[in-house]
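For reference, the structure is listed below as C-alpha coordinates.
So you know, we letter chains A, B, ... as the sequences are listed, proteins then strands, and number each from 1.
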Protein chains: 2
Amino acid sequence: MITLVIAEDHQALIDGIRSFLEYEEDITVLGEANDGEILIDLVRKKQPQIVLTDIRMPKCDGICATKTIKKEFPNTKIIAFSMFDQAEAIHQMKDAGASGYIMKNSSLKKVLEAIRIVAKNGDYFDDSITTTDVTSKEEIVLSTREKEILRLIGEGKTSQEIADILFIGKSTVDTHRKNILKKMNIQGKTDLIRFAVERKYDF
Amino acid sequence: MITLVIAEDHQALIDGIRSFLEYEEDITVLGEANDGEILIDLVRKKQPQIVLTDIRMPKCDGICATKTIKKEFPNTKIIAFSMFDQAEAIHQMKDAGASGYIMKNSSLKKVLEAIRIVAKNGDYFDDSITTTDVTSKEEIVLSTREKEILRLIGEGKTSQEIADILFIGKSTVDTHRKNILKKMNIQGKTDLIRFAVERKYDF
DNA sequence: CTTAAAATCCCTATTTGTAGGGATTTTTTT
DNA sequence: AAAAAAATCCCTACAAATAGGGATTTTAAG
(Lines give C-alpha, C1' and ligand atoms only; values in the text may rest on other atoms or scores of the structure.)
Protein backbone atom coordinates (compact mmCIF):
# COMPACT_ATOMS: atom_id res chain seq x y z
CA MET A 1 0.00 0.00 0.00
CA ILE A 2 1.32 3.40 -0.96
CA THR A 3 0.52 6.25 1.43
CA LEU A 4 0.35 9.77 0.10
CA VAL A 5 -0.32 13.35 1.08
CA ILE A 6 -1.10 16.09 -1.39
CA ALA A 7 -0.15 19.75 -1.04
CA GLU A 8 -1.72 22.14 -3.46
CA ASP A 9 -2.77 25.70 -3.53
CA HIS A 10 -5.85 24.91 -5.58
CA GLN A 11 -8.42 22.84 -3.77
CA ALA A 12 -10.07 21.96 -7.07
CA LEU A 13 -6.97 20.13 -8.20
CA ILE A 14 -6.68 18.26 -4.90
CA ASP A 15 -10.31 17.15 -5.18
CA GLY A 16 -9.65 16.01 -8.72
CA ILE A 17 -6.57 14.02 -7.81
CA ARG A 18 -8.41 12.40 -4.91
CA SER A 19 -11.29 11.40 -7.17
CA PHE A 20 -8.87 9.97 -9.66
CA LEU A 21 -6.87 8.03 -7.09
CA GLU A 22 -9.95 6.52 -5.51
CA TYR A 23 -9.97 3.98 -8.30
CA GLU A 24 -6.49 2.86 -7.36
CA GLU A 25 -6.59 0.18 -4.72
CA ASP A 26 -2.94 0.37 -3.82
CA ILE A 27 -2.84 4.08 -3.03
CA THR A 28 -4.26 5.82 0.03
CA VAL A 29 -4.42 9.57 0.37
CA LEU A 30 -3.73 10.30 4.02
CA GLY A 31 -4.37 14.00 3.86
CA GLU A 32 -4.09 17.28 2.04
CA ALA A 33 -2.66 20.74 2.63
CA ASN A 34 -3.12 24.12 1.01
CA ASP A 35 0.17 25.60 2.08
CA GLY A 36 3.67 24.58 3.02
CA GLU A 37 3.33 24.93 6.78
CA ILE A 38 0.25 22.75 6.95
CA LEU A 39 2.03 20.25 4.73
CA ILE A 40 4.96 19.96 7.14
CA ASP A 41 2.60 19.45 10.09
CA LEU A 42 0.69 16.87 8.12
CA VAL A 43 3.81 14.92 7.26
CA ARG A 44 4.85 14.90 10.92
CA LYS A 45 1.48 13.52 11.96
CA LYS A 46 0.81 11.03 9.17
CA GLN A 47 4.31 10.17 7.99
CA PRO A 48 3.34 9.25 4.44
CA GLN A 49 5.62 7.41 2.05
CA ILE A 50 5.11 9.99 -0.65
CA VAL A 51 4.35 13.68 -0.79
CA LEU A 52 2.95 15.22 -3.95
CA THR A 53 3.46 18.96 -3.70
CA ASP A 54 2.97 22.09 -5.69
CA ILE A 55 5.95 24.41 -5.79
CA ARG A 56 4.19 27.71 -5.61
CA MET A 57 2.29 27.79 -2.35
CA PRO A 58 1.57 30.30 0.41
CA LYS A 59 3.52 30.46 3.66
CA CYS A 60 6.41 28.17 2.77
CA ASP A 61 6.77 27.08 -0.84
CA GLY A 62 7.39 23.60 -2.16
CA ILE A 63 11.14 23.99 -2.13
CA CYS A 64 11.23 25.16 1.44
CA ALA A 65 8.78 22.44 2.55
CA THR A 66 10.80 19.78 0.75
CA LYS A 67 13.97 20.80 2.56
CA THR A 68 12.31 20.62 5.96
CA ILE A 69 10.61 17.31 5.30
CA LYS A 70 13.74 15.71 3.90
CA LYS A 71 15.71 16.76 6.95
CA GLU A 72 13.19 15.26 9.35
CA PHE A 73 12.11 12.29 7.27
CA PRO A 74 14.81 11.36 4.78
CA ASN A 75 12.83 8.33 3.65
CA THR A 76 9.77 10.29 2.62
CA LYS A 77 9.77 10.66 -1.14
CA ILE A 78 8.73 13.93 -2.65
CA ILE A 79 7.26 14.61 -6.06
CA ALA A 80 6.98 18.19 -7.26
CA PHE A 81 3.92 19.18 -9.22
CA SER A 82 4.37 22.43 -11.02
CA MET A 83 3.03 24.71 -13.69
CA PHE A 84 6.37 25.76 -15.03
CA ASP A 85 9.39 23.98 -16.41
CA GLN A 86 11.89 26.52 -15.32
CA ALA A 87 15.37 25.15 -15.02
CA GLU A 88 15.97 26.91 -11.76
CA ALA A 89 12.88 25.59 -10.01
CA ILE A 90 13.63 22.04 -11.10
CA HIS A 91 17.20 22.38 -10.05
CA GLN A 92 16.25 23.69 -6.65
CA MET A 93 13.73 20.93 -6.09
CA LYS A 94 16.32 18.33 -7.03
CA ASP A 95 18.76 19.89 -4.61
CA ALA A 96 16.13 19.92 -1.91
CA GLY A 97 15.80 16.19 -2.40
CA ALA A 98 12.78 15.67 -4.65
CA SER A 99 12.45 12.33 -6.42
CA GLY A 100 10.18 13.55 -9.15
CA TYR A 101 8.94 16.54 -11.07
CA ILE A 102 5.72 16.55 -13.05
CA MET A 103 4.08 19.33 -14.98
CA LYS A 104 0.47 20.24 -14.35
CA ASN A 105 -0.24 20.05 -18.03
CA SER A 106 0.52 16.37 -18.09
CA SER A 107 -2.23 13.86 -17.42
CA LEU A 108 -3.09 12.34 -14.08
CA LYS A 109 -2.09 9.02 -15.58
CA LYS A 110 1.45 10.31 -15.55
CA VAL A 111 1.06 11.45 -11.98
CA LEU A 112 -0.04 7.94 -11.08
CA GLU A 113 2.88 6.49 -12.98
CA ALA A 114 5.25 8.80 -11.14
CA ILE A 115 3.81 7.84 -7.76
CA ARG A 116 4.28 4.15 -8.49
CA ILE A 117 7.83 4.61 -9.76
CA VAL A 118 8.86 6.80 -6.87
CA ALA A 119 7.27 4.37 -4.41
CA LYS A 120 9.69 1.76 -5.77
CA ASN A 121 12.58 4.09 -5.04
CA GLY A 122 12.81 5.29 -8.62
CA ASP A 123 12.99 8.83 -9.97
CA TYR A 124 10.46 10.41 -12.26
CA PHE A 125 11.22 13.60 -14.12
CA ASP A 126 8.81 14.83 -16.76
CA ASP A 127 9.76 14.15 -20.36
CA SER A 128 9.07 17.70 -21.36
CA ILE A 129 11.84 18.80 -19.05
CA THR A 130 14.77 18.97 -21.37
CA THR A 131 16.12 21.75 -19.31
CA THR A 132 17.14 19.69 -16.33
CA ASP A 133 20.89 19.50 -16.36
CA VAL A 134 21.70 21.03 -19.69
CA THR A 135 20.25 24.49 -19.35
CA SER A 136 21.07 24.57 -15.66
CA LYS A 137 24.22 26.20 -16.94
CA GLU A 138 26.47 27.97 -14.49
CA GLU A 139 24.70 27.17 -11.25
CA ILE A 140 22.77 30.30 -10.54
CA VAL A 141 23.71 30.95 -6.96
CA LEU A 142 22.51 34.16 -5.44
CA SER A 143 23.72 34.98 -1.96
CA THR A 144 21.24 35.42 0.86
CA ARG A 145 21.51 39.17 0.70
CA GLU A 146 21.07 39.17 -3.04
CA LYS A 147 17.93 37.06 -2.81
CA GLU A 148 16.57 39.37 -0.16
CA ILE A 149 17.16 42.37 -2.35
CA LEU A 150 15.72 40.62 -5.39
CA ARG A 151 12.58 39.90 -3.43
CA LEU A 152 12.23 43.55 -2.47
CA ILE A 153 12.82 44.58 -6.06
CA GLY A 154 10.01 42.24 -7.00
CA GLU A 155 7.78 43.94 -4.49
CA GLY A 156 8.31 47.20 -6.28
CA LYS A 157 10.71 48.88 -3.93
CA THR A 158 13.26 51.33 -5.29
CA SER A 159 16.92 51.08 -4.39
CA GLN A 160 16.54 53.89 -1.90
CA GLU A 161 13.59 52.22 -0.22
CA ILE A 162 15.42 48.93 -0.03
CA ALA A 163 18.40 50.71 1.48
CA ASP A 164 16.17 52.21 4.15
CA ILE A 165 14.51 48.91 4.93
CA LEU A 166 17.77 47.02 5.29
CA PHE A 167 19.62 49.88 6.97
CA ILE A 168 22.34 49.94 4.37
CA GLY A 169 23.45 52.52 1.83
CA LYS A 170 21.82 53.00 -1.53
CA SER A 171 25.22 52.39 -3.07
CA THR A 172 25.28 48.93 -1.59
CA VAL A 173 21.90 48.11 -2.99
CA ASP A 174 23.07 49.33 -6.37
CA THR A 175 26.11 47.11 -6.17
CA HIS A 176 23.96 44.10 -5.33
CA ARG A 177 21.69 44.92 -8.24
CA LYS A 178 24.68 44.96 -10.54
CA ASN A 179 25.94 41.67 -9.20
CA ILE A 180 22.55 40.03 -9.60
CA LEU A 181 22.36 41.26 -13.17
CA LYS A 182 25.79 39.85 -13.83
CA LYS A 183 25.06 36.50 -12.24
CA MET A 184 21.79 36.14 -14.07
CA ASN A 185 23.34 37.34 -17.25
CA ILE A 186 20.37 39.48 -17.91
CA GLN A 187 21.41 40.98 -21.16
CA GLY A 188 18.00 42.58 -21.26
CA LYS A 189 19.56 45.99 -20.70
CA THR A 190 16.75 47.03 -18.46
CA ASP A 191 14.59 45.31 -16.02
CA LEU A 192 15.54 43.22 -13.27
CA ILE A 193 12.05 43.97 -12.07
CA ARG A 194 10.49 41.69 -14.60
CA PHE A 195 12.82 38.91 -13.60
CA ALA A 196 12.01 39.42 -9.94
CA VAL A 197 8.27 39.51 -10.53
CA GLU A 198 8.25 36.48 -12.79
CA ARG A 199 10.37 34.55 -10.36
CA LYS A 200 7.98 35.36 -7.57
CA TYR A 201 5.09 34.18 -9.67
CA ASP A 202 6.51 31.10 -11.15
CA PHE A 203 7.39 29.13 -8.09
CA MET B 1 -28.93 15.57 -18.67
CA ILE B 2 -26.40 18.36 -18.53
CA THR B 3 -23.80 18.41 -21.29
CA LEU B 4 -20.43 20.00 -20.64
CA VAL B 5 -17.08 20.71 -22.20
CA ILE B 6 -13.99 21.64 -20.23
CA ALA B 7 -11.22 23.96 -21.35
CA GLU B 8 -8.09 24.02 -19.28
CA ASP B 9 -4.45 24.59 -19.75
CA HIS B 10 -3.53 21.92 -17.24
CA GLN B 11 -4.43 18.42 -18.31
CA ALA B 12 -4.09 17.21 -14.74
CA LEU B 13 -6.96 19.40 -13.66
CA ILE B 14 -9.14 18.26 -16.55
CA ASP B 15 -8.49 14.63 -15.66
CA GLY B 16 -9.38 15.39 -12.07
CA ILE B 17 -12.62 17.12 -12.93
CA ARG B 18 -13.59 14.25 -15.24
CA SER B 19 -12.93 11.71 -12.51
CA PHE B 20 -14.98 13.73 -10.11
CA LEU B 21 -17.90 14.21 -12.47
CA GLU B 22 -18.05 10.54 -13.38
CA TYR B 23 -19.96 9.96 -10.18
CA GLU B 24 -22.63 12.40 -11.28
CA GLU B 25 -25.27 10.67 -13.35
CA ASP B 26 -26.84 13.85 -14.68
CA ILE B 27 -23.69 15.35 -16.17
CA THR B 28 -21.88 14.25 -19.31
CA VAL B 29 -18.52 15.62 -20.32
CA LEU B 30 -18.61 15.87 -24.10
CA GLY B 31 -15.02 16.87 -24.57
CA GLU B 32 -12.03 18.85 -23.45
CA ALA B 33 -9.67 21.45 -24.84
CA ASN B 34 -6.27 22.76 -23.85
CA ASP B 35 -6.55 26.10 -25.56
CA GLY B 36 -9.13 28.60 -26.69
CA GLU B 37 -9.11 27.77 -30.37
CA ILE B 38 -9.69 24.08 -29.78
CA LEU B 39 -12.44 25.02 -27.34
CA ILE B 40 -14.27 27.05 -29.96
CA ASP B 41 -14.05 24.20 -32.47
CA LEU B 42 -15.26 21.78 -29.86
CA VAL B 43 -18.27 23.90 -28.99
CA ARG B 44 -19.22 24.13 -32.67
CA LYS B 45 -19.07 20.38 -33.04
CA LYS B 46 -20.62 19.24 -29.78
CA GLN B 47 -22.80 22.21 -28.86
CA PRO B 48 -22.75 21.62 -25.11
CA GLN B 49 -25.11 23.33 -22.70
CA ILE B 50 -22.28 24.45 -20.49
CA VAL B 51 -18.63 25.36 -20.97
CA LEU B 52 -16.27 25.35 -18.01
CA THR B 53 -13.23 27.32 -19.03
CA ASP B 54 -9.96 28.57 -17.62
CA ILE B 55 -9.22 32.20 -18.32
CA ARG B 56 -5.53 31.98 -18.92
CA MET B 57 -5.03 29.73 -21.91
CA PRO B 58 -2.80 29.65 -24.98
CA LYS B 59 -3.91 30.85 -28.40
CA CYS B 60 -7.13 32.60 -27.42
CA ASP B 61 -7.81 33.12 -23.76
CA GLY B 62 -11.02 32.46 -21.86
CA ILE B 63 -12.35 35.95 -22.40
CA CYS B 64 -11.79 35.85 -26.12
CA ALA B 65 -13.24 32.34 -26.40
CA THR B 66 -16.29 33.34 -24.38
CA LYS B 67 -17.02 36.26 -26.68
CA THR B 68 -16.83 34.07 -29.79
CA ILE B 69 -18.93 31.30 -28.31
CA LYS B 70 -21.58 33.68 -26.99
CA LYS B 71 -21.89 35.29 -30.40
CA GLU B 72 -22.40 31.98 -32.18
CA PHE B 73 -24.29 30.15 -29.46
CA PRO B 74 -26.02 32.62 -27.16
CA ASN B 75 -27.70 29.80 -25.26
CA THR B 76 -24.48 28.11 -24.26
CA LYS B 77 -23.70 28.97 -20.67
CA ILE B 78 -20.14 29.70 -19.70
CA ILE B 79 -18.48 29.31 -16.33
CA ALA B 80 -15.04 30.78 -15.82
CA PHE B 81 -12.56 28.85 -13.77
CA SER B 82 -9.65 30.95 -12.67
CA MET B 83 -6.72 31.20 -10.34
CA PHE B 84 -7.12 34.84 -9.58
CA ASP B 85 -9.86 37.04 -8.27
CA GLN B 86 -8.81 40.13 -10.12
CA ALA B 87 -11.61 42.58 -10.55
CA GLU B 88 -10.70 43.24 -14.13
CA ALA B 89 -10.75 39.62 -15.22
CA ILE B 90 -14.09 39.03 -13.57
CA HIS B 91 -15.49 42.13 -15.07
CA GLN B 92 -14.33 41.22 -18.53
CA MET B 93 -15.74 37.72 -18.25
CA LYS B 94 -19.08 39.10 -17.13
CA ASP B 95 -19.07 41.47 -20.07
CA ALA B 96 -18.21 38.66 -22.41
CA GLY B 97 -21.32 36.87 -21.18
CA ALA B 98 -20.16 34.39 -18.56
CA SER B 99 -22.78 33.03 -16.17
CA GLY B 100 -20.35 32.04 -13.47
CA TYR B 101 -16.90 32.54 -12.03
CA ILE B 102 -15.22 30.06 -9.72
CA MET B 103 -11.80 30.12 -8.18
CA LYS B 104 -9.46 27.19 -8.55
CA ASN B 105 -8.89 27.19 -4.84
CA SER B 106 -12.48 26.33 -4.19
CA SER B 107 -13.58 22.71 -4.03
CA LEU B 108 -14.92 20.67 -6.91
CA LYS B 109 -18.14 20.43 -4.93
CA LYS B 110 -18.57 24.12 -5.61
CA VAL B 111 -17.82 23.58 -9.26
CA LEU B 112 -20.53 20.96 -9.36
CA GLU B 113 -22.90 23.30 -7.56
CA ALA B 114 -22.12 26.03 -10.07
CA ILE B 115 -22.72 23.72 -13.01
CA ARG B 116 -26.14 22.71 -11.66
CA ILE B 117 -27.15 26.28 -10.90
CA VAL B 118 -26.01 27.60 -14.27
CA ALA B 119 -27.77 24.70 -16.02
CA LYS B 120 -30.99 26.00 -14.48
CA ASN B 121 -30.31 29.43 -15.95
CA GLY B 122 -28.89 30.79 -12.73
CA ASP B 123 -25.69 32.69 -12.12
CA TYR B 124 -22.88 31.56 -9.89
CA PHE B 125 -20.16 33.89 -8.76
CA ASP B 126 -17.69 32.75 -6.15
CA ASP B 127 -18.29 33.99 -2.61
CA SER B 128 -14.70 35.00 -2.21
CA ILE B 129 -15.19 37.50 -4.98
CA THR B 130 -15.97 40.60 -3.03
CA THR B 131 -14.33 42.57 -5.74
CA THR B 132 -17.01 42.10 -8.34
CA ASP B 133 -18.81 45.37 -8.61
CA VAL B 134 -17.39 47.26 -5.68
CA THR B 135 -13.71 47.31 -6.43
CA SER B 136 -14.39 47.45 -10.14
CA LYS B 137 -14.09 51.14 -9.42
CA GLU B 138 -13.93 53.49 -12.32
CA GLU B 139 -14.22 51.02 -15.15
CA ILE B 140 -10.66 50.43 -16.14
CA VAL B 141 -10.88 50.84 -19.86
CA LEU B 142 -7.64 50.84 -21.74
CA SER B 143 -7.78 51.66 -25.43
CA THR B 144 -6.55 49.16 -27.98
CA ARG B 145 -3.33 51.03 -28.44
CA GLU B 146 -2.76 51.26 -24.73
CA LYS B 147 -3.28 47.54 -24.28
CA GLU B 148 -0.87 46.88 -27.09
CA ILE B 149 1.76 49.04 -25.46
CA LEU B 150 1.12 47.53 -22.05
CA ARG B 151 1.69 44.11 -23.53
CA LEU B 152 5.02 45.20 -24.98
CA ILE B 153 6.01 46.75 -21.67
CA GLY B 154 5.25 43.40 -20.07
CA GLU B 155 7.54 41.75 -22.58
CA GLY B 156 10.36 43.94 -21.40
CA LYS B 157 10.57 46.38 -24.26
CA THR B 158 11.76 49.91 -23.63
CA SER B 159 9.80 52.90 -24.86
CA GLN B 160 12.23 53.34 -27.72
CA GLU B 161 11.90 49.72 -28.76
CA ILE B 162 8.13 49.91 -28.60
CA ALA B 163 8.24 53.05 -30.72
CA ASP B 164 10.32 51.24 -33.34
CA ILE B 165 8.05 48.22 -33.35
CA LEU B 166 4.87 50.25 -33.78
CA PHE B 167 6.42 52.81 -36.12
CA ILE B 168 5.50 55.71 -33.88
CA GLY B 169 7.54 58.26 -31.95
CA LYS B 170 9.02 57.61 -28.56
CA SER B 171 7.10 60.65 -27.33
CA THR B 172 3.87 58.93 -28.24
CA VAL B 173 4.80 55.82 -26.34
CA ASP B 174 5.67 57.98 -23.34
CA THR B 175 2.31 59.68 -23.53
CA HIS B 176 0.53 56.34 -23.65
CA ARG B 177 2.55 55.18 -20.68
CA LYS B 178 1.52 58.25 -18.75
CA ASN B 179 -2.12 57.74 -19.65
CA ILE B 180 -2.00 54.10 -18.59
CA LEU B 181 -0.43 55.10 -15.30
CA LYS B 182 -3.12 57.67 -14.79
CA LYS B 183 -5.96 55.30 -15.64
CA MET B 184 -4.58 52.59 -13.42
CA ASN B 185 -3.71 55.06 -10.73
CA ILE B 186 -0.33 53.52 -10.16
CA GLN B 187 2.91 55.26 -9.59
CA GLY B 188 6.28 54.23 -10.78
CA LYS B 189 7.87 52.18 -13.48
CA THR B 190 8.15 49.22 -11.22
CA ASP B 191 4.46 49.07 -10.65
CA LEU B 192 3.68 49.46 -14.30
CA ILE B 193 5.95 46.59 -15.19
CA ARG B 194 4.56 44.48 -12.41
CA PHE B 195 1.07 45.25 -13.57
CA ALA B 196 1.95 44.32 -17.13
CA VAL B 197 3.69 41.11 -16.16
CA GLU B 198 0.97 40.05 -13.76
CA ARG B 199 -1.68 40.75 -16.30
CA LYS B 200 0.14 38.64 -18.84
CA TYR B 201 0.39 35.86 -16.32
CA ASP B 202 -2.98 36.05 -14.73
CA PHE B 203 -5.35 35.85 -17.62
C1' DC C 1 45.57 32.26 10.49
C1' DT C 2 44.96 33.14 5.93
C1' DT C 3 42.20 33.41 2.01
C1' DA C 4 38.05 33.76 -0.55
C1' DA C 5 33.56 35.17 -0.66
C1' DA C 6 30.12 38.23 0.73
C1' DA C 7 28.63 42.63 2.00
C1' DT C 8 29.48 47.22 2.46
C1' DC C 9 30.34 51.99 0.37
C1' DC C 10 31.50 55.78 -3.17
C1' DC C 11 32.35 58.18 -8.00
C1' DT C 12 31.05 59.40 -12.81
C1' DA C 13 28.30 58.99 -16.81
C1' DT C 14 24.43 57.48 -19.55
C1' DT C 15 19.92 55.66 -20.36
C1' DT C 16 15.24 55.07 -19.27
C1' DG C 17 11.11 56.31 -17.25
C1' DT C 18 8.08 59.70 -14.57
C1' DA C 19 5.68 64.26 -14.20
C1' DG C 20 4.15 68.51 -15.76
C1' DG C 21 2.83 71.18 -19.40
C1' DG C 22 0.87 71.91 -24.38
C1' DA C 23 -0.52 70.75 -29.21
C1' DT C 24 -2.24 68.48 -33.63
C1' DT C 25 -4.41 64.95 -36.29
C1' DT C 26 -7.30 60.98 -36.95
C1' DT C 27 -11.26 58.22 -35.69
C1' DT C 28 -15.45 57.35 -33.72
C1' DT C 29 -19.81 58.58 -31.89
C1' DT C 30 -23.75 61.28 -31.61
C1' DA D 1 -21.45 68.21 -39.21
C1' DA D 2 -20.09 68.74 -34.48
C1' DA D 3 -18.35 66.82 -30.31
C1' DA D 4 -15.77 63.37 -27.98
C1' DA D 5 -12.31 60.08 -27.75
C1' DA D 6 -8.10 58.17 -29.28
C1' DA D 7 -3.66 58.57 -31.12
C1' DT D 8 -0.01 61.21 -32.45
C1' DC D 9 4.05 64.43 -31.28
C1' DC D 10 7.20 67.81 -28.63
C1' DC D 11 9.35 70.45 -24.44
C1' DT D 12 11.64 70.77 -19.83
C1' DA D 13 12.91 68.83 -15.56
C1' DC D 14 13.76 65.26 -12.41
C1' DA D 15 14.09 60.49 -10.43
C1' DA D 16 15.66 56.02 -10.88
C1' DA D 17 18.36 52.32 -12.86
C1' DT D 18 22.34 50.64 -15.57
C1' DA D 19 27.31 50.34 -16.49
C1' DG D 20 31.93 51.16 -15.65
C1' DG D 21 35.39 51.87 -12.38
C1' DG D 22 37.53 51.28 -7.44
C1' DA D 23 37.73 50.36 -2.34
C1' DT D 24 37.01 48.64 2.54
C1' DT D 25 35.20 45.68 6.07
C1' DT D 26 32.78 41.17 7.70
C1' DT D 27 32.16 36.68 7.56
C1' DA D 28 32.78 32.20 6.36
C1' DA D 29 35.95 28.18 4.78
C1' DG D 30 40.24 26.06 4.33
Side-chain angles (χ1 to χ4, degrees), chain A residues 67 71 88 91-92 95 137-200, chain B residues 67 88 91-92 95 136-200:
Chain A
K67 281 180 189 160
K71 201 163 24 172
E88 212 193 328
H91 191 262
Q92 283 190 46
D95 272 3
K137 37 203 167 189
E138 287 110 38
E139 289 279 342
I140 300 166
V141 191
L142 291 182
S143 73
T144 320
R145 201 55 155 177
E146 284 166 348
K147 277 186 209 160
E148 200 175 359
I149 285 169
L150 185 58
R151 190 175 53 78
L152 290 165
I153 292 171
E155 285 171 17
K157 307 278 191 294
T158 65
S159 291
Q160 188 55 63
E161 286 169 338
I162 295 171
D164 293 342
I165 292 168
L166 300 179
F167 301 106
I168 55 177
K170 182 186 171 300
S171 337
T172 310
V173 178
D174 284 339
T175 304
H176 283 305
R177 281 188 104 113
K178 278 188 286 188
N179 291 336
I180 296 170
L181 282 175
K182 215 165 211 171
K183 280 190 186 175
M184 295 312 191
N185 194 33
I186 295 178
Q187 68 286 41
K189 303 119 192 166
T190 336
D191 293 348
L192 188 53
I193 298 165
R194 180 166 312 91
F195 177 79
V197 174
E198 285 180 355
R199 174 186 248 259
K200 191 177 58 174
Chain B
K67 281 180 188 159
E88 213 193 328
H91 192 261
Q92 282 190 45
D95 272 3
S136 162
K137 33 203 170 190
E138 288 106 40
E139 289 278 342
I140 299 167
V141 191
L142 292 182
S143 72
T144 320
R145 201 55 154 177
E146 284 166 348
K147 279 185 209 160
E148 200 174 0
I149 285 168
L150 185 58
R151 189 175 52 78
L152 290 165
I153 292 171
E155 285 170 17
K157 307 278 192 293
T158 66
S159 291
Q160 188 55 63
E161 286 169 338
I162 294 171
D164 293 343
I165 291 168
L166 301 178
F167 301 106
I168 56 177
K170 181 186 171 298
S171 339
T172 310
V173 178
D174 284 339
T175 305
H176 282 305
R177 281 188 103 115
K178 279 188 285 188
N179 292 336
I180 295 170
L181 283 176
K182 214 164 211 173
K183 281 188 186 177
M184 297 312 191
N185 194 35
I186 48 186
Q187 71 287 53
K189 162 195 179 180
T190 320
D191 288 322
L192 182 57
I193 292 171
R194 177 170 322 89
F195 180 78
V197 174
E198 285 180 356
R199 178 183 245 260
K200 190 176 61 173

| note | Contacts of B:D164 meeting side-chain contact (heavy atoms from CB on, under 4.5 Å) (sequence neighbours excluded), chain-then-number -> B:Q160
| Rounded to whole angstrom units, what separation is found between the CD1 atom of A:I162 and the P atom of D:dT18? | 10 Å
| field | Value in whole Å for how far the P atom of C:dT15 lies from CG of B:D174 | value | 15 Å
| said: From CG of B:L181 over to P of C:dT16, roughly how many Å is that when rounded to an integer? | reply: 18 Å
| Roughly how many Å is it from CZ in A:R145 to C1' in D:dT27, rounded to a whole number? | 13 Å
| Atom NE2 in B:H176, atom CD1 in B:I168: separation rounded to 0.5 Å? | 5.0 Å
| Looking at residues at least two apart in the chain, or sitting in another chain, which of them share a side-chain contact (heavy atoms from CB on, under 4.5 Å) with B:S159? | B:K170, B:V173, B:D174, B:R177
| task | Using atom CG of B:N179 as one end and atom C1' of C:dG22 as the other, report the distance to the nearest whole Å. | result | 13 Å
| request: Whole angstrom is fine here: how far is it from NZ in A:K183 over to P in C:dA5? | output: 11 Å
| query | When you check the phosphate oxygens OP1 and OP2 of C:dG17, does a side-chain N or O of B:R177 lie under 4.0 Å from one of them? | reply | yes
| message | Rounded at 0.5 Å granularity, tell me how far OG1 in A:T175 sits from NZ in A:K178. | response | 5.0 Å
| Listed partners of A:S143 passing side-chain contact (heavy atoms from CB on, under 4.5 Å), at least two apart | A:R145, A:E146
| field | Residue met sooner reading DNA chain D from 5', once A:S159 and B:T144 are mapped to nucleotides | value | B:T144
| field | Five-pair end axes of the helix from C:dC1-D:dG30 to C:dT30-D:dA1, angle between them (10°) | value | 60°
Polar-atom pairs under 3.5 Å, protein N or O versus N or O of nucleotides 9-12 of chain C: list them with distances, or write none.
residue	atom	partner	partner atom	Å
C:dC9	OP2	A:G169	N	2.3
C:dC9	OP2	A:T172	OG1	2.7
C:dC9	O5'	A:T172	OG1	3.3
C:dC9	N4	A:T175	OG1	2.8
C:dC10	OP2	A:S171	OG	3.4

| Over how many whole Å does the gap from A:E148 atom CD to C:dT8 atom P extend? | 9 Å
| message | Rounded to whole Å, how long is the line connecting atom CD1 of A:I165 with atom P of C:dT8? | response | 14 Å
| Atom CG in B:L166, atom OG1 in B:T172: separation rounded to 0.5 Å? | 10.0 Å
